[in-house]
Amino acid sequence: MTSSIFSDLNDKQREAVFSKDGPVLVLAGAGSGKTRVIAYRIGYLLKERSVSPYSILAVTFTNKASTEMKERVLKLLGKDRMPFLWIGTFHSICARILREDIEKLNLKINRHFTIFDKEDSKSVIKRILKDEKLGDTSFGVSEISDYFSLIKRGAGRTFTSNISSLYSLYEKNLVEQNALDFDDLLLYTVKLLKEVESVRIKYQQRFQHILVDEYQDTNDVQEELLTILAGKWKNLFLVGDEDQSIYGFRGSKVRHIVEFPQRYSNAKIIRLEKNYRSFDTILSSASALVSHNKERLGKTLWTDKKGGEKIKFFSGESDRDEANFVADEIFKLSSSYPHNKIAILMRTNSQSRGFEETFLNKGIPYQIVGGIKFYERKEVKDIISYLRLAINPYDRISLLRVINTPPRGIGKTTIEAIEKVSLEKNITLYEAIVAGVNENLFPQKASQSLREFIELIKDLQVEVSNSKPSEASANLIEKIDYINYLESLSDLKKESRVENIKELVSALKEFEVREGGNLEMFLERQSLSSDQDELNEEAGDSVKVMTIHSAKGLEFPVVFIVGLEDGFFPHEKSKMKEDEVEEERRLLYVGMTRAMEKLYFTNSKTRYIYGNVIVRDPSPFLFEIPLKNIEEIKITNEKAIVSKLNYPLEKHELNYNILSPGIRVYHKNYGVGIVLSSEGSGESLKVTVSFSKFGRKKLLAKLANLEVM
DNA sequence: TTCTATAGCGAGAAA
DNA sequence: CGCTATAGAA
């Protein structure tokens with residue numbers, strides 16, 4: 001007996017949703033409705049099987065996905081049962097477990113620990129290198145940080161004693177600061193569950209059903225965590241697609257999916273092969289591409305959406321030319337596709353700059369998703385650091401960041417003096433400041449500044465616990481005169497910096513109103529936020545520009561995959577290893593399968609790298625896609641010339657000859673438009689122009705006084 | 001201590 | 001080319 005809410009599922013989806021207890025692996029192809037299957041599975045468990053929401057754990061890949069999942073379940077069930085459902089990312093779930101129980105590990109870490117991001121971790125490493133005078137390790141700080149992450153995932157290979165001692169210093173340093181890095185969140189949770197029986201039993205008992213999305217992207221530690229949590233009930237409902245495994249560099253292993261049936265001999269395996277997203281041309285092209293991979297279980301995706309347009313391919317002369325093509329094409333599409341239905345997908349973040357400049361010049365609204373995140377901006381991180389410090393005074397990275405920001409007369413010498421006191425008395429930096437001031441260990445002037453700094457932090461601590469987070473931070477910003485400080489900088493971006501600070505306060509306010517959260521919850525949310533979390537529907541009608549990694553799980557009617565060159569696809573650094581080339585191929589596959597209706601490929605024959613022009617070959621992956629599915633777009637010479645003239649923005653005298661389709665023009669009444677077609681010639685030349693605000697107009701070139709842009 | 005100029009180095013993807 | 005660390009001046 002199935003109730004009507006499940007009637008819109010197909011047979012395979014149903015089979016998955018209605019599975020009996022026990023391990024289930026759903027091999028879900030791109031666009032086959034896997035998020036929906038998980039949501040309905042939860043709905044089924046709650047409604048038909050009367051499972052308590054308290055007993056369900058759902059793991060998603062991003063916070064955005066978990067929010068969407070919650071909303072979907074909410075729609076199926078209504079509000080009252082939601083609060084107990086645990087839905088979140090691996091990292092947020094671990095943080096939640098640790099905030100409750102980490103003190104049971106009897107380490108020096110308490111529940112108010114700070115979560116260090118990559119930048120913080122690197123700062124720790126920098127300081128250790130400095131303190132230990134190990135500046136000559138011949139490894140870069142980033143390299144060391146990545147290596148530590150590798151070690152924490154259990155993949156660390158042999159390493160020199162130099163690095164080994166550095167690693168233990170790093171670990172010690174984090175503990176002293178009451179801080180965990182991203183890997184620690186997972187690692188300490190596994191440790192806690194392994195070593196503290198009461199905690200293990202508590203969660204094993206509780207989670208009767210565990211559901212995991214994007215299972216192909218789990219690493220060894222996450223796998224171990226799942227195994228422990230599911231230890232009692234063994235009801236693992238895993239959904240994934242080996243063809244979309246693109247996080248190998250973060251330790252994810254396709255092996256977890258492939259070997260799942262061996263680990264659980266009673267596992268049920270279901271394949272979802274019907275694709276609801278893309279037209280057949282797109283889907284079959286993507287399938288053809290990924291079929292060149294060896295490491296896969298294999299699926300045969302199909303769709304009802306037969307046919308569809310060919311993939312349009314444009315090869316530019318320069319990266320500028322490429323960006324111009326994309327911009328012009330978006331303009332042409334704008335009558336049928338609003339900007340927010342269009343995505344530009346890239347291999348690397350650095351590619352965004354060229355598109356950003358072109359879109360800015362051509363007035364195309366865009367949003368860069370990912371790259372440097374909002375909370376990673378310098379000015380935002382400054383304020384965040386004050387707040388972190390107020391909650392966790394052991395956090396010396398945040399302390400060092402804010403102690404002289406804005407400048408308050410506490411320079412290098414003073415900081416060294418503080419560090420000396422801290423070392424001698426074996427106390428934290430913050431305590432050293434307090435002690436040093438009380439015992440008159442610093443010069444008069446420095447002492448006065450430090451006294452004021454201590455007062456500031458003390459007041460902040462009080463405020464943080466007594467008043468609303470947004471008020472506490474607004475007061476802080478006021479007190480340290482931070483806006484004026486930003487404005488005093490000779491910085492081209494200072495205006496946007498001030499904006500960002502205002503946005504931070506708004507974000508805090510929104511958080512306390514919408515979720516009733518306190519500051520600690522906000523800081524945690526913030527430090528675990530993902531690229532996709534910055535995407536919100538209300539953000540206006542803009543083209544989304546992002547890496548393929550950031551686009552995972554999303555879909556768009558129109559997709560441009562740019563930079564399809566050897567060196568990006570596959571990336572220069574992956575070319576040598578076969579398994580990494582396969583991952584690069586999967587990456588392109590993921591990009592292609594984001595597209596619903598129109599898919600564009602673009603590349604460039606040359607590209608600026610470090611300011612030098614590099615000649616580039618097309619991506620070898622292009623030749624793995626059936627030729628019949630691709631249509632190459634050639635641009636007339638005139639247009640190519642204009643494209644080059646086109647940048648940076650300059651007005652040029654009108655030469656009627658260049659008013660050919662695709663040219664961007666400006667009309668004093670109608671604004672910016674693009675030439676669609678032309679008829680006649682010379683004085684009687686008429687052109688049809690599509691204007692962004694006024695639609696199509698047919699104009700006599702002689703009278704229209706068009707300017708080519 | 002703070003501000004400014006410039007040399008020198010560097011970008012693979014991200015919770 | 002753009003960022004940042006650092007040296008040197010104020």
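Reminder, nothing fancy here: chain letters follow the sequence lines and each chain counts from 1. Side chains are part of it too, since the values below use all heavy atoms of this structure and drop only hydrogens, waters and symmetry mates.
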Kindly give the atom pairs (protein nitrogen or oxygen, nucleotide nitrogen or oxygen) under 3.5 Å for nucleotides 2-9 of chain B.
| residue | atom | partner | partner atom | Å |
| --- | --- | --- | --- | --- |
| dT2(B) | OP1 | Gly409(A) | N | 2.7 |
| dT2(B) | OP2 | Asn404(A) | ND2 | 2.9 |

- prompt: Within less than 4.0 Å of OP1 or OP2 of dC3(C), is there a side-chain N or O belonging to Arg353(A)?
  reply: yes
field: Distance in angstrom units between Ile372(A) CD1 and dT4(C) C1', rounded
entry: 13 Å
Euclidean distance, atom CD of residue Glu376(A) to atom C1' of dC3(C) [Å, nearest integer]: 16 Å
message: Any side-chain N or O of Asn349(A) below 4.0 angstrom from OP1/OP2 of dA14(B)?
response: yes
query: How does DNA chain B look in dot-bracket form if you count Watson-Crick and G-U pairs under 3.5 Å, write [ ] for pairs that cross, and put | where a base pairs with another strand?
result: ||||||||||.....
- prompt: Does Thr547(A) place a side-chain N or O at less than 4.0 Å from the phosphate oxygens OP1/OP2 of dG12(B)?
  reply: no
message: What is the distance, to the nearest angstrom, from the CD1 atom on Ile561(A) to the C1' atom on dA13(B)?
response: 15 Å
- prompt: Looking at dC3(C), dA5(C), dG12(B), which one has an atom nearest to any side-chain atom of Arg347(A)?
  reply: dG12(B)
field: Between dG12(B) and dA5(C) - C1' atom distance, rounded Å
entry: 24 Å
task: Please state whether the rings of His549(A) and Tyr247(A) are parallel, tilted or perpendicular, taking 30° and 60° as the class boundaries.
output: perpendicular
message: I want to confirm an ordering. Mapping Gln351(A) and Asp146(A) to their closest nucleotides on DNA chain B, which one lands closer to the 5' end?
response: Gln351(A)
query: Atom NE2 of His91(A) to atom P of dA14(B): distance rounded to whole Å?
result: 14 Å
message: Is the ring pair His91(A)/Phe182(A) parallel, tilted or perpendicular, if the boundaries are 30 and 60 degrees?
response: perpendicular
- prompt: With a 4.5 Å heavy-atom cut-off, do Arg586(A) and Glu583(A) have their side chains touching?
  reply: yes
query: Of the residues in residues 567-582 of chain A, which ones touch DNA chain B at a heavy-atom distance under 4.0 Å?
result: His571(A), Lys573(A), Ser574(A)
statement: Residues passing the salt bridge (Lys or Arg N to Asp or Glu O under 4.0 Å) test with Lys122(A), sequence neighbours excluded, are none
task: Could you state the atom-to-atom distance from CG of Asp217(A) to C1' of dA14(B) in whole Å?
output: 11 Å
task: May I ask you to check whether Thr114(A) and Asn392(A) show a side-chain donor-acceptor distance below 3.5 Å?
output: yes
Non-neighbouring partners of Arg497(A) that pass salt bridge (Lys or Arg N to Asp or Glu O under 4.0 Å), sequence neighbours left out: Glu379(A), Asp491(A)
message: Using 30° and 60° as the class boundaries, would you call the ring planes of His571(A) and Phe568(A) parallel, tilted or perpendicular?
response: tilted
Validation row: Val562(A), Leu345(A) side chains within 4.5 angstrom (heavy atoms): no
- request: With sequence neighbours left out, write down each residue that passes side chain to side chain donor-acceptor pair (under 3.5 Å) with Asn603(A), or none if nothing qualifies.
  value: Ser315(A)
query: Does Thr414(A) make a side-chain N or O approach to OP1 or OP2 of dT1(B) shorter than 4.0 Å?
result: yes
message: Below the 4.0 Å mark, does dA14(B) have OP1 or OP2 next to a side-chain nitrogen or oxygen of Ser550(A)?
response: yes
field: Name of the residue among Asp146(A), Asp183(A), Asp184(A), Asp220(A) meeting salt bridge (charged side-chain N to carboxylate O under 4.0 Å, His left out) with Lys152(A)
entry: Asp184(A)
- prompt: Atom NZ of Lys118(A) and atom C1' of dG12(B): how far apart are they, to the nearest Å?
  reply: 12 Å
query: Do any side-chain nitrogens or oxygens of Ser527(A) fall under 4.0 Å of OP1 or OP2 in dA15(B)?
result: no
statement: By side chain to side chain donor-acceptor pair (under 3.5 Å), Glu578(A) pairs with (sequence neighbours left out) Lys294(A)
- prompt: Taking only residues two or more places apart in sequence or in another chain, which ones pass salt bridge (Lys or Arg N to Asp or Glu O under 4.0 Å) with Asp531(A)?
  reply: none
task: Determine whether the aromatic ring centres of Tyr170(A) and Phe148(A) lie less than 6.0 Å apart.
output: yes
field: Between P of dA14(B) and CZ of Phe61(A), the distance in whole Å
entry: 10 Å
field: Set of residues satisfying ring-ring contact (aromatic ring centres under 6.0 Å, His included) with respect to Phe621(A), sequence neighbours excluded
entry: none
- prompt: Between Lys575(A), Arg347(A), Lys605(A), Arg616(A), which is the residue that forms a salt bridge (charged side-chain N to carboxylate O under 4.0 Å, His left out) with Asp566(A)?
  reply: Lys575(A)
message: Under 6.0 Å from the ring centre and within 45 degrees of the ring axis: does the NZ or CZ of Arg388(A) meet both conditions for the six-membered ring of Phe116(A)?
response: no
- request: Could you work out which one of dA15(B), dA5(C), dA13(B) sits closest to the side chain of Ser530(A)?
  value: dA15(B)
task: Check each residue of residues 608-618 of chain A for a non-hydrogen atom within less than 4.0 Å of any atom in DNA chain C, then write out the ones that pass by number, or none.
output: Tyr610(A), Gly611(A)
field: Results of salt bridge (Lys or Arg N to Asp or Glu O under 4.0 Å) for Glu356(A) - residues two or more places apart only
entry: none
task: Hey, which sits more toward the 5' end of DNA chain B by its nearest nucleotide, Asp531(A) or Ala446(A)?
output: Ala446(A)
task: Using a heavy-atom cut-off of under 4.0 Å over every strand shown, decide if Tyr247(A) touches base, sugar-phosphate, or nothing.
output: sugar-phosphate
query: Taking CG from Asn219(A) and C1' from dA15(B), how many angstroms apart are they, rounded to a whole number?
result: 11 Å
- prompt: Hey, does Thr62(A) reach any base, or is it just sugar-phosphate, or nothing, if we go heavy atoms under 4.0 Å?
  reply: nothing
query: Angle class for the Phe511(A)/Phe522(A) ring planes (parallel below 30°, perpendicular above 60°, tilted otherwise)?
result: perpendicular
Which protein N or O atoms sit under 3.5 Å from an N or O of nucleotides 8-10 of chain C?
none

